[in-house]
Amino acid sequence: MTAATRAALRAGIDEFTFHGGTAPALRGVGLEIAPGSLTAVLGGSGSGKSTLGKVLAGWLRAGHSGALRGSLELFGTRLDFRGSAGDPRINPAEWSRRVCFVPQDAAAMLSTVRSTVAEELAFGLENRGTPRQDMLVAVERAAAGIGLSALLDRDPATLSGGELRRLAVGCAVITEPDVLVLDEPLASLDAAGAAQMADLIRSLVARGVAVVVLGHSVDRLALQAGHWIVLDGGIATAAGSPAHIMGSPELDASGVRLSAPAASALPAAPPGPAFNLGDVPVILELQGVGFGYPAASPGRPGRATENAVLRDLDFSLRPGEIVAITGPNGAGKSTLLRLFNGLLRPSYGDVRVGGNSIASMPVGGVAASVGLLFQQPRDQLFERTALREVRFGLRQLLGSEGADARARAALEDVGLSAAASVHPADLPASQQRLLALASVLARDPAVIALDEPSVGLDRHGVERLGRAVEQAAARGKGVVLVTHDAGYARTAAYRNLQIDAGRLREV
């Protein structure tokens, strides 16, 4: 094999088992990735996609993270593993120079020690001793490629979920790896952001970068790929061209979703409440609300202005209603939900829950009526088991037996009964999202506000989410879904709104 045709990365994983694991997380997985190729690894929740990506990138190393039997080969250098103490060791610093991994949780890619987007982009280059002028040029080029040129001076902590994902990918691309592994790269991106990400990946492939995308759905990136691998339960059940795999029983059994470009039809929208909404009182209302984040005032150190996000916004929600709110990344969707439950307070206007202004209510008091599912589940998971997570705080309300029964019922509603004794950190990201949803449902709030609830969910997860939301609405709860996924919004909600220039409009 000549250098020109040699694989960039080749893996033959007979078994990979985490330390302390009772069964292999990966088994019988083989792939060969050529320079300038795009490969899609598809699978449902818990299929092993993220584990495979981390093994390929050296984030999970044989001997350090678990036992590996098989081989890894990077540009002709082959390492054989027998699951023993004498196995070779991957040097993560050297491996990462050629193979870069962007995890599903985009924030995990960031240093968290840089105060601006530009500094975060430059962080990897600084560690490599790149000359300053070269860094400045690279930062400008990377920012333009991912659509963040206007945000270079922003604090990364103030970015939306989609903007954070673009930043994480930019931090990987700027180091010019030979192999790029992306876990759910389109998650939380709006339509424009997804198109820009697809264009970026096409350009990387054209320049000879080997790109691997890991996903739970047949989206625009998967449809661009020349080779698919289907994972189910850690096993590669199918591999081949998209034309060969599409419609196969292996793909169907895996729980992979068919997104709008691949699906023949979208599921029907819910029929709507069985009662006249005009006959029930408003349970949540925003009256002329405006909100802006503090921003530095140019040329006036120490002085701040407000960067307006929402303007003169009116909104109402009734019991039993499901409303979806869409809009581009950074439009203020997550900000709006935090105004609902008092985590943020409006710059002007009034937020009313159950007919009462929350202006003087403590956040804890508002949270009893407005339950919020954060965009990042890790921000609200802290207990030692899934059952304890959902049960937390219920004992004071329901007593020990009542709390246990309510928590187990909520876990059942989202399909996590079997995970009751599992530590939340050991669950796949999709199941962490469902667990966080269960913790919201168990408290039985009057309003349920869900921030990007479908991100990372496979077909089975979206079905569980849909049932849980419809059951909550049937019990008279008002539900607000914030999502970047217009197709999901149309099928899930009775009413669809869009944030446009800080205001809401019907779509």
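Source: prediction; values computed, not measured. The basis for the numbers below is simple: all heavy atoms, side chains too, and nothing from hydrogens, waters or symmetry mates.
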Distance-only polar pair, side chains of T158 and R154, donor-acceptor under 3.5 Å: yes
Under 3.5 Å side-chain donor-acceptor pair for S115 and E119: yes
Crowding at CD, E176 (>12 non-hydrogen neighbours, <6.0 Å): no
Side chains of V323 and L481 in contact at under 4.5 Å (non-hydrogen atoms): no
Spacing of L437 atom CG and Q431 atom CD [to the nearest 0.5 Å]: 13.0 Å
Any E120 side-chain heavy atom under 4.5 Å of C171 side chain: yes
Plane angle bin for F340 and F315 - parallel if under 30°, tilted between 30 and 60°, otherwise perpendicular: parallel
Modelled atom types, side-chain donor and acceptor of R202 and Q224, under 3.5 Å: yes
Electrostatic pair R433-E452, nearest N-O below 4.0 angstrom: no
Shortest non-hydrogen separation from P328 to I499 and the atoms involved: CD-O, 4.0 Å
No-hydrogen, no-angle side-chain donor-acceptor test under 3.5 Å, S47 and D232: no
Row check, F75 ring normal vs R98 NZ/CZ: under 6.0 Å, within 45°: yes
Stacked cation flag R338 on F374, 6.0 angstrom / 45 deg: yes
Between CG on residue L164 and CG on residue L159, distance to nearest 0.5 Å: 5.0 Å
Check: S334/D451 side-chain N/O donor and acceptor closer than 3.5 Å: yes
For S430, the option from S45, S50, S454 that meets side-chain hydrogen bond (donor to acceptor under 3.5 Å, both in side chains): S45
Pairwise side-chain contact, Q380 with L372, heavy-atom cut-off 4.5 Å (strictly under): no
